[in-house]
Every structure is written in C-alpha cells, then in structure tokens.
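For reference, the structure discussed in these notes is given below.
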Amino acid sequence: MQERYNPAALEPAVQQRWEDSRAFAVGEDTTREKFYCLCMFPYPSGRLHMGHVRNYTIGDVIARYQRMLGKNVLQPMGWDAFGLPAENAAIENNVPPAKWTRSNIDYMRGQLKRLGFSYDWERELATCDADYYRWEQWFFTRLHEKGLVYRKTAVVNWDPIDQTVLANEQVIDGRGWRSGALVERREIPQWFLRITAYADELLADLDVLEGWPEAVKTMQRNWIGRSEGLLIRFALADAGDHLEVYTTRPDTLHGVTYMAVAPEHPLARAAAAREPRVAEFLASCAQVSTSEAVIEKLEKRGLPLGIDVVHPLTGERVPVWVANFVLMGYGTGAVMSVPAHDERDYDFAKTHGLPIKPVIWPADGSDPDIAHAAYVEKGVLKNSGRFDGLDFKGAFDAIAEELGKKGRADRQVQYRLRDWLVSRQRYWGCPIPVVYGPGDELVPESPERLPVRLPEDVEWQGVASPLKSMPSFLETTVPGTTTPARRETDTFDTFFESSWYFARFCCPDAEDAMVDERARYWMPVDIYIGGIEHAVLHLLYARFFHKLMRDTGLADCNEPFTRLLTQGMVCKETYFREAANGKKSYFNPAAVETETDEKGRVIAARLAADGQPVEIGPVEKMSKSKNNGIDPQVLIDLYGADTVRLYTMFAAPPEQSLEWSDTAVEGASRFLRSLWRMTYEHCAKGPAAPLEATAPSPELRELRCRVHETIAKVTDDVSRRYKFNTAIAAVMELVNALNKAAPDTPAARAVLQEGLEVCVKLLAPIVPHCTEALWEALGHADEPLSTTPWPVADPEALKRAEIAVVVQVNGKKRAEVRVPADASREAQEAAALADPNVQKFTAGAQIRKVVVVPGRLVNIVVA
RNA sequence: GCCGGGAUGGCGGAACUGGUAGACGCGCCAGACUCAAAAUCUGGUAUGGGUGACCAUGUGGGGGUUCGAGUCCCCCUCCCGGUACCA
C-alpha cells in the first residue's frame, strides 16, 4: 500500500482491472434475482456536465449496492444522439451533425469511463445508428396499420426570414433567435400518435406505481387532465350552423354572457373576411409563439365578431368574441364565458365592459363576493330559472338531460392531454418511413425496405434541412412497385428514441426484432433515475410507448419503470450581458470573477477576460443555453473521480436541487486522504488480532456499537431513503470516532480493523476506486470489493447499557438525563424530575401533566 | 397564467413517524508544527446576554392546532422545474 493517496495513478489502474475482468458485463441468469438500474441517457452535447455526474453517480451507487446484495445487476449506458444542438453546430461550424455527434460521444464515453461507472459497456447504443432507429421505423408502420398514427395540420412557429420552423426555445420575445424576425404562427400538416387512446390507462396505472414520487404522479394526472363535462352546441342566431363548446361547469350555464373563440376558429376567420378590424386582430394574434407559457402570460385581448349565438335555455342572444387566449388546439377552440364564476372570464369581462351575471351562491346562503373577483367555488344555483336551488351535481344532471332532449348537448369525458405530435421539420432525426406517390397519396414503407437511412454526409446551406434538396434521399419508388414516389422529409421527435431505449438495452444486438426474449428477463426497469424536468413529457411518452409495445407483444409488464428517483437540478447562477437589441449573451461562471461582501454574498461580477462588469442572473439549471455549466473534467483532473463522486453525493440529497459551489470539494478530498492515512497507519503495524480473541473495554464496546449503528444507518439511507448525503455524514462521524479512540492495544486494533473494513464496505458504492485499494490493504487481496457482501449490523454489538433522555419543562429543553436502557416510564419520569436544572423550573409550580416518550423525552407541564 | 416543488447559521445541508434545531462538511477565528509558507493536527464558531453553569431569541412573512411545530392546517411573499418543437 502506498503511503500517500494518489487517485491519479490509482483510479485508472482499478478501472483497467474492471475492464480486463469484464466485471460489469451481465447476462440473463435465472438463478439470481435481477436488478435493472437505469439512468436517463445523455444527449451527447460535447462534454459531461454536473447534472450528468450527479445522475450517473446516484445510479452507480445504487447499482453497486445492489451488486453487493448479490443481485444480477444490469446497468447500461447509451446516447440520445438525435437533436437540435447538432444542427446548430452544423450551421455554426459547418460540421456534419453525424460527425459532430459521434466525436462528442467518443469524448463523453471517455469521461464516463474516467468516473468509474459500473456500466456494461458491451450494450452501448446510440439512437442515431440505423440499427437502432430502423426498429422505430418498423414500429411506426405497425402503429400505422393499427390506426394509432394519423396526419393533421398543427400550428408551428414560422421564421419568415430563415424560412424555417422554430422550436419554442428558439423564439425569444416573439422573434426568431437567429434572424430576429417576428415569428408567425403557421399551420402545416403533421404526424400524430394517438396517445389519447391510452389516456385512461395512463391515468389509472399511476395508482399502481407505488415506487414513483407523488409529485410526479400528480403532475402526470394533471397533465392528462381527465374531466367530465358537457359538449354544448349553441345555435348561431343568424345562420343555420352552431358553435360547439365544452364545459365542466354546465351548472353555470345561465351565467354565460359571451362566447370566446380562438383566432384560428372558422367563425373568426369568416368574420375576418368581412371585417378588416377582425382580420387585423387575427394577424396580430398570429405573431406570437405557440408556447402555452407565452400565450397564457399575454395581455388578454379580444374583439367582438359581430355575430351572436342563442342561449340554449333562455333563448337570449349571446355575443361571440375572438380572444387571443383561447387555443385552437384545445377542445373545440371555443369556450362559453361565465365571468361571475371563472377568473379569466372575469378579467376579460372587466376589461371589455361585458356583463357579469352571478348564478352560483355559496351553500351557506351568503352572497358571493364578485365585486373584485370571480366566485369559482361550487354552490347552489340562482338566477337559473327552474334549476334554481340545485347543487352542482343536481344542476349538472338536470341541465345535461334538458339539453340532451333538445339535441343541444352530450355528456363527454375530455382530456387535457393532446395527441403526440411526432414529426419535426428537421434533418438530424430518424426519417419518418413514409413515401408520397404520384397523386400525393401516402404509403408507409414496407418492412423489407427498412431502415430508411438518414444520409450522414451532408452539406449545410442556410438553415433549412438539407434533406429537402437531396434528390438521392427524396427520390424513391412506391414500395413493391416501380412507380416513382417522393420521401417524407420530416423526422421523428427525439422523444421517440428515448421512449424505448431501455427495452433495447436488454438485447442491443437483436437483429431480427425490435426486442427479443431477453427483454422479458430484464424488464421492467427496477429503478429509473433522472432529472425532475422529465416528470411529464419523457416519462409519459415512455410509459405510453411501453404500452404500445406490450400491445404489439413485445413486453409483458404494464409499466416500464417500477421505481422512479427524480434528481433535482444542478443549478448555478447565470452571468450575462444584454446587447442593445435585447439579445443576451451568457458567460460561463468559470470565466467570471465575483466580488463578495463581508458575509460572503456576491455583490458584483466581472468578466475575467476584459475586467468589465456582467449582469448577475438568477440561479438556474445548468444548461448550454445559459452557459452556466461547471466542467466536471477540471475537478476530476484535480482531485480524481472518487472525490467528485463523493462530493456530488454529499452536497445534497438526490431529490433536492443542488446549487453548485466548487469551494467545498476540497473537504471530500480531505476525507478520503484521512481515511487513507488511517488505514495506512493501521496496516503498517501488521495484521490485527481477531475480534473474538480480545476482551474489549467498555469504551471499545461503545465504539463497536457505533460501528454497527453506522451499518444500520447507512443501509437504511442507501436502500430505503436514497439519502447518500446522510449516509456519508454517518461514515464521516464513524471515521472521526475511530480516529480519536484508538489506543494501541490488541483489542483496540481488532475493533479498528473491523471499523475500517465496515467504512470501506459502506463507502464502496460511492468511492469504488479508493475503497478497492483500501480493502486490499486490509488483507483482502483475494476477494474483489465490488462483489463482497454488504455488511449487516450485529444485534449483540448494538446493545447499550445507558441511554440519554431529554427533559423539557413546558416544551423547552432543560436537561438531559442518562438512564438504564431498560428503564421504565416511571423511572424515566423520576430521573427527569430529580434533575437540578429541571427542579429550578418546577419549584413552586404545580405539575399539571407529564408526557413521557420512552427512551427519548420527558415533558413536564407546569402551571 | 396553470401544474409541481422549495425557502433552516457566513455557505451546502441534518433533524426519517409532531418530540434535543443546526449532525456532517465548507468557510472563518485561535492555537500547535515550521525560518516561513503549504499541508497536517487541536480547539472554537446561529444571534444577543453572562467569567461560567446557564438564560432569552431563532427554521421566508402572518395567523392557527398541540403538553410540544422546521415538521400539521389557513393566508401571503419570493425562488426553481414543467408548460406539449431544448433534452
């Protein structure tokens, strides 16, 4: 054993040993319990960021722990390789996306290996490989056969200068990020997957997912947004047609004072053709991004269309407005407005002087206060003709029946969830396997012609997808014929790839099928670890896709992820300068110097390069777009992988967001150095005697008790709580205790030997390189630590003679008394009352009550 | 806007089931070692008062429940994530 801890030499050597022995390669072994541990695979952006390090360290700690429990552990890694950043790099640096992506993968693979993650690298896959995406093309054609795929127009952000579709992220303050042009909403034909057909099952199965955080399930429930309501048809006053709206509050029907339709609604378009003011309004509405977050924060604007509908119960005329906050993509693109009982309708009515008619009264008979806000609670009907006095349920049923008889309404279950738009007008993605025949008729590719390969050797001209100008890609034939046909140039949403990679990891080399029998052995994933930002979209699409695969006979289980661990974001403050045109350019924290006040708070920041001040932005998720990532490579080079792993696990519990500070890493390194030194000094004195051969003093028995308490605590933290920070803190405490209390006797050396071995085993999943070496030094060169059984606390060693009990008087701590571990309630109470400081506070007062929590606390309540 | 989450010393965090607020670490202060520095070691470190034992205050703000509240309930503020084409 080296005297000095030298991770730079040690870690690569240990990693080489793992690689040579194929330590983490696994196969199907029905004699052992399987454990599939999966982290969300990374987008190969160029370099690992701290979020990756955090995510993959959590996964690796769990995988290594499960391995020490004797399970057959699969932990794979791969690349979510298609995506927007590769196209941006192509446009900016004139490098083909495939080349850029593959070189990023090579670099990042090296970084992951340098961090010592126990992956089965033989299963590595990249979604941009045709061997991978051919199967989603195949699957898409199957879904097409089943009627789960359809084509429909949808609104996109259109950049009129660059002549391209923009992602919501690329629209900044209503303008294209590159061109600066005001974006326009434009309708184009798109491909959809019928996720709404699975809405009920996706909702219902959330109740079965006991291993998922409640917050994620709640978000998914709300996202799916099942509601029961009424689809009501309001007849147009001066035409034969009608306006259809959906409402969950038919009880408020008598309070309708106007209708609102989306700018894209046919009624609005028809009005625009007659009325220039309306046309102008629609044009202004068209200059806003498709993002819901943007639309919902807009000033609520609207205009009357000059047409009325007839109220289906009262026969009164109700005006129809067009409003910028009504979305064509939701429901029918029109709503009935009840300003008295809906917040948004209320604000709009106030702004535009529309009448507000209360029809719901609180059940206690008091008057609703609608002077300043809508009354949105459910209650009892008034001003509603013969429905007066009914409650929500009664009114719902009665109005549904009445309108149903008139043919004016139907009960309907509706979802907020919309079908999944899977097509993208981009190059760097999986080609949608469809061709268009001579009459533009649509023909899905035949299985034998798959994969439709994405040409990788491309010249980038301008910003548009090069596929559109590549005859070699475009020109093809209708499958099974010689009839000329044109290829679809749209590619899949990258969520398509990430919706089934976990199944492919089970059998990455399957040549004849999307997945084979091996997937039945490994699936479902036992624990899935990834960022909380994926709580809805990715995790909902993956659940949906898995159910599609199940219904295609490719899976047995109903849900792909038994347990979900959502890690919080790794955040960092942002630094930027704002140009005159409002465009912000962000600077990496590593390039910024900060000035702090005497309390350590940052008060000013300047760019190191030019010494000029930069603005301090909010603390946000580390991201490329905010340029606030901290490069883990710098820390790995400086301290080694184990220190980075240890610090990342120690700084915060996984679920919590972590504000990165690089000053504290030193402490983690210090801890490893001191554990190393302790072990070195211990081993230098030769082998310790076996514990059984010595007679430990009471102090040593106490120390042993702490060793075994630490085993129990760390096991609970790692297996049940997933709180690695407190597990590490507990081991640090134990190391401190072992360090302090080790006189040089055979008994003490035996306890120390046991203590050090326990520390090494408990830390093995977190700092696998360093502990491997320490384990060897402690006399276990013959058995690799990675498969050494996890320690179990010895119940005998845990026994204590005395315990401490806290004594409170009126809920305030006044003393701590020591009592025998088996002391009765009465004895604990007596000991508490006998304490001098307690007597000071109880003297002369009347004791009204004594609360005893045995073994913990005595609270004396005095008057 | 809507949905979900969060706020505890100078900083990251701990307190798991309503029962000792501040474990563990960073930083800082003092001391030891050293010609000196680094490294290392020892001690201290919520705030205010007291030589001290201790005492008072204290978990974003306001109210409540309880013998007892960081933890439960109501209201509010700010921050973070998502908001369907970033991944």
Side-chain angles (χ1 to χ4, degrees), chain A residues 40 42-43 45 80 83-85 156-157 165-171 213-216 218-219 221-223 225 290-298 300 325 329 343-344 347 417-418 420-421 423-426 493-495 498 531-538 540-541 568-569 571 596-601 618-621 623-625 647 650-653 655-661 663-668 670-671 673-674 677 716-717 720-721 723 725-726 728-733 736 804-808 810-813 816 837 840 848-851 853 856-861:
Chain A
M40 291 179 186
Y43 176 78
S45 54
D80 188 15
L84 206 48
V156 296
N157 303 308
V165 175
L166 296 177
N168 283 333
E169 198 195 43
Q170 298 173 310
V171 180
E214 225 29 76
V216 173
T218 304
M219 280 189 264
R221 278 189 197 104
N222 292 335
W223 184 266
T290 59
S291 146
E292 185 192 314
V294 170
I295 294 167
E296 290 286 336
K297 277 180 218 148
L298 289 177
K300 309 280 177 281
F325 55 86
E343 224 34 87
R344 202 163 61 174
D347 293 342
L417 180 70
R418 310 197 300 255
W420 179 10
L421 197 170
S423 49
R424 298 289 182 269
Q425 293 67 53
R426 301 193 199 294
D493 175 6
T494 57
F495 278 129
S498 57
I532 182 68
E533 68 272 25
H534 295 292
V536 177
L537 289 179
H538 161 61
L540 191 63
Y541 290 142
M569 246 77 47
C571 299
T596 55
D597 66 10
E598 66 280 2
K599 286 193 166 183
R601 291 202 178 86
V619 175
E620 288 181 79
K621 173 175 88 160
S623 71
K624 208 153 193 171
S625 60
Y647 176 68
F650 182 58
E655 311 245 30
Q656 210 160 301
S657 72
L658 182 152
E659 190 180 329
W660 187 263
S661 122
T663 58
V665 186
E666 184 67 42
R670 200 174 297 164
F671 170 71
R673 286 201 300 269
S674 111
R677 192 177 47 246
D716 187 49
D717 280 349
R720 180 181 63 89
R721 301 210 305 147
K723 289 253 192 176
N725 57 331
T726 52
I728 294 164
V731 178
M732 284 176 168
E733 278 185 83
N736 290 343
V805 171
V806 164
V807 187
Q808 297 180 331
N810 285 347
K812 282 190 197 295
K813 182 187 170 186
E816 195 175 293
N837 200 46
K840 225 168 76 188
R848 304 186 79 107
K849 185 176 175 182
V850 180
V851 181
V853 184
R856 288 200 74 103
L857 161 144
V858 177
N859 187 15
I860 301 155
V861 186

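- Comparing the C1' positions of B:G68 and B:C75 gives an interatomic distance of 24 Å, to the nearest angstrom.
- A gap of 34 Å separates the C1' atoms of B:C3 and B:G9, to the nearest Å.
- The distance from atom CZ of A:Arg221 to atom C1' of B:C3 is 13 Å, rounded to the nearest whole Å.
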- Task: Assess whether side chain to side chain contact (heavy atoms under 4.5 Å, CB included) is satisfied between A:Leu540 and A:Leu417, documenting all intermediate values.
- Result: CA-CA 11 Å; A:Leu540 191 63; A:Leu417 180 70; 3.9 Å; yes

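- Rounded to whole Å, the distance from CD1 on A:Ile860 to C1' on B:G19 is 14 Å.
- Here the straight-line distance linking atom OH of A:Tyr647 with atom CZ of A:Phe671 works out to 15.5 Å at 0.5 Å rounding.
- The CE atom of A:Met40 lies 5.5 Å from the NE2 atom of A:His534; values are rounded to the nearest 0.5 Å.
- A straight line from CD of A:Glu659 to P of B:G6 spans 17 Å, rounded to a whole angstrom.
- Nucleic acid contact for A:Val216: none, since no nucleic acid atom lies under 4.0 Å from a heavy atom of the residue.
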- Item | Per-nucleotide protein contact string for nucleotides 28-34 of chain B, where B marks a base within reach and S marks sugar-phosphate only (heavy atoms under 4.0 Å, - for neither) | -------

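- Residue contacts shown for A:Leu298 are absent, as no nucleic acid heavy atom lies under 4.0 Å away.
- Minimum interatomic distance between A:Asn157 and A:Thr290 (heavy atoms only, all atoms of both residues): OD1-N, 2.8 Å.
- At the phosphate of B:C26, OP1 or OP2 sits under 4.0 Å from a side-chain N or O atom of A:Arg670.
- In this entry the distance linking CH2 of A:Trp420 with P of B:U83 reads 14 Å, nearest Å.
- In this structure, A:Val294 and A:Leu421 both approach RNA chain B, and ranking their closest nucleotides by distance from the 5' end singles out A:Val294.
- Paired runs in RNA chain B that reach 3 or more consecutive Watson-Crick or G-U pairs, where each pair keeps both distances under 3.5 Å, cover B:1-7 with B:77-83, B:10-12 with B:24-26, B:27-32 with B:40-45, B:46-49 with B:54-57, B:60-64 with B:72-76.
- Across all strands shown, A:Phe495 has heavy atoms under 4.0 Å from base atoms, whether or not it also approaches the sugar-phosphate.
- Straight-line distance between the P atoms of B:A37 and B:G44: roughly 24 Å, to the nearest whole Å.
- Nucleotides B:U71 and B:A84 are separated by 35 Å at their P atoms, to the nearest Å.
- Within 4.0 Å (heavy atoms only), A:Lys723 reaches sugar-phosphate atoms of the nucleic acid but no base atom.
- Taking only distance into account, the side chain of A:Glu292 never meets the base of B:C2 through a donor-acceptor pair shorter than 3.5 Å.
- Taking the O4'-C1'-N9-C4 or O4'-C1'-N1-C2 dihedral as appropriate, B:G9 has a value within 90° of 0 and is therefore syn.
- The neighbour count for A:Arg848 CZ, taken as heavy atoms of other residues, nucleotides or ligands under 6.0 Å away, does not exceed 12.
- When the side-chain nitrogen and oxygen atoms of A:Arg721 are compared with OP1 and OP2 of B:A15, one or more of them lie within a distance under 4.0 Å.
- The line from CG of A:Leu537 to CH2 of A:Trp420 is 9.5 Å long, rounded to the nearest 0.5 Å.
- Regarding contacts with the backbone of B:C16, every side-chain N or O of A:Arg720 stays at 4.0 angstrom or more from both OP1 and OP2.
- Residue A:Thr726 places no side-chain N or O under 4.0 Å from the OP1 or OP2 atom of B:A14.
- What you find for A:Gly811 and A:Asn859 is that their closest heavy atoms are N-OD1, 3.0 Å.
- Taking atom NZ of residue A:Lys813 and atom P of nucleotide B:A15, one finds them 18 Å apart after rounding to whole Å.
- Across the C1' atoms, B:C74 and B:U65 are found 11 Å apart, a figure rounded to whole Å.
- Using cut-offs of 30° and 60° for the angle between ring planes, the A:His538 and A:Phe495 rings count as parallel.
- B:A14 and B:G6 have their P atoms separated by 12 Å, with the value rounded to a whole Å.
- Side chains of A:Asp80 and A:Ser498: a donor-acceptor N/O pair is absent below 3.5 angstrom, by distance only.
- When heavy atoms are screened at a 4.0 angstrom cut-off, A:Phe650 is found touching base atoms of the nucleic acid.
- For the C1' atom pair drawn from B:G18 and B:C72, the interatomic distance equals 8 Å after rounding to whole Å.
- When the side-chain nitrogen and oxygen atoms of A:Gln656 are compared with OP1 and OP2 of B:A14, one or more of them lie within a distance under 4.0 Å.
- Distance A:Tyr541 OH to B:U83 C1': 11 Å, rounded to the nearest Å.
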- Query: A:Glu666 and A:Arg673: salt bridge (charged side-chain N to carboxylate O under 4.0 Å, His left out), yes or no, with the steps?
  - Reply: CA-CA 11 Å; A:Glu666 184 67 42; A:Arg673 286 201 300 269; 3.5 Å; yes

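- Phosphate contact (OP1/OP2 of B:G12, side-chain N/O of A:Asn725, threshold under 4.0 Å): absent.
- Looking at A:Glu214 and A:Arg221, a side-chain N of the basic residue comes within less than 4.0 Å of a carboxylate O on the acidic one, giving a salt bridge.
- Between B:G4 and B:U8, the two C1' atoms lie 22 Å apart (nearest whole Å).
- Among the heavy atoms of the strands lying under 4.0 Å from A:Pro653 are primed sugar atoms or P, OP1, OP2 only; no base atom is included.
- Among the heavy atoms of the strands lying under 4.0 Å from A:Leu857 is at least one base atom, whether or not backbone atoms are also near.
- Residues A:Ile532 and A:Val216 are in side-chain contact: their nearest non-hydrogen atoms beyond the backbone lie under 4.5 Å apart.
- Not one side-chain nitrogen or oxygen of A:Asn157 sits closer than 4.0 Å to the OP1 or OP2 atom of B:C85.
- Backbone-only engagement by A:Arg677 is indicated by non-hydrogen atom pairs under 4.0 Å involving sugar-phosphate atoms exclusively.
- Counting any heavy atom pair closer than 4.0 Å across all strands shown, A:Asp717 reaches no nucleic acid atom.
- Here the side chain of A:Asn736 is nearest to one of B:A84, B:C24, B:C85, namely B:C24.
- Heavy atoms of A:Gln425 sit under 4.0 angstrom from at least one base atom.
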- Protein-to-nucleotide contact annotation, 5' to 3' order, nucleotides 67-82 of chain B [B base; S sugar-phosphate only; - none; under 4.0 Å, heavy atom]: BS-----------SBS

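- Residue contacts for A:Ala664: at a heavy-atom cut-off of 4.0 Å it reaches the sugar-phosphate backbone alone, with no base atom in range.
- Using a 4.0 Å heavy-atom distance criterion, A:Glu816 is classed as a base contact.
- Closest heavy-atom contact between A:Pro653 and A:Asn725: CD-ND2, 3.4 Å.
- Among the protein residues, A:Val807 comes within range of no part of the nucleic acid, since none of its heavy atoms lies under 4.0 Å from any strand.
- Here A:Asn837 reaches the OP1 or OP2 of B:C55: one of its side-chain N or O atoms lies under 4.0 Å away.
- In this structure, A:Met40 atom CE and B:C86 atom P are separated by 17 Å, rounded to whole Å.
- Taking atom CZ on A:Arg424 and atom P on B:C86, their separation rounds to 8 Å, with Å as the unit.
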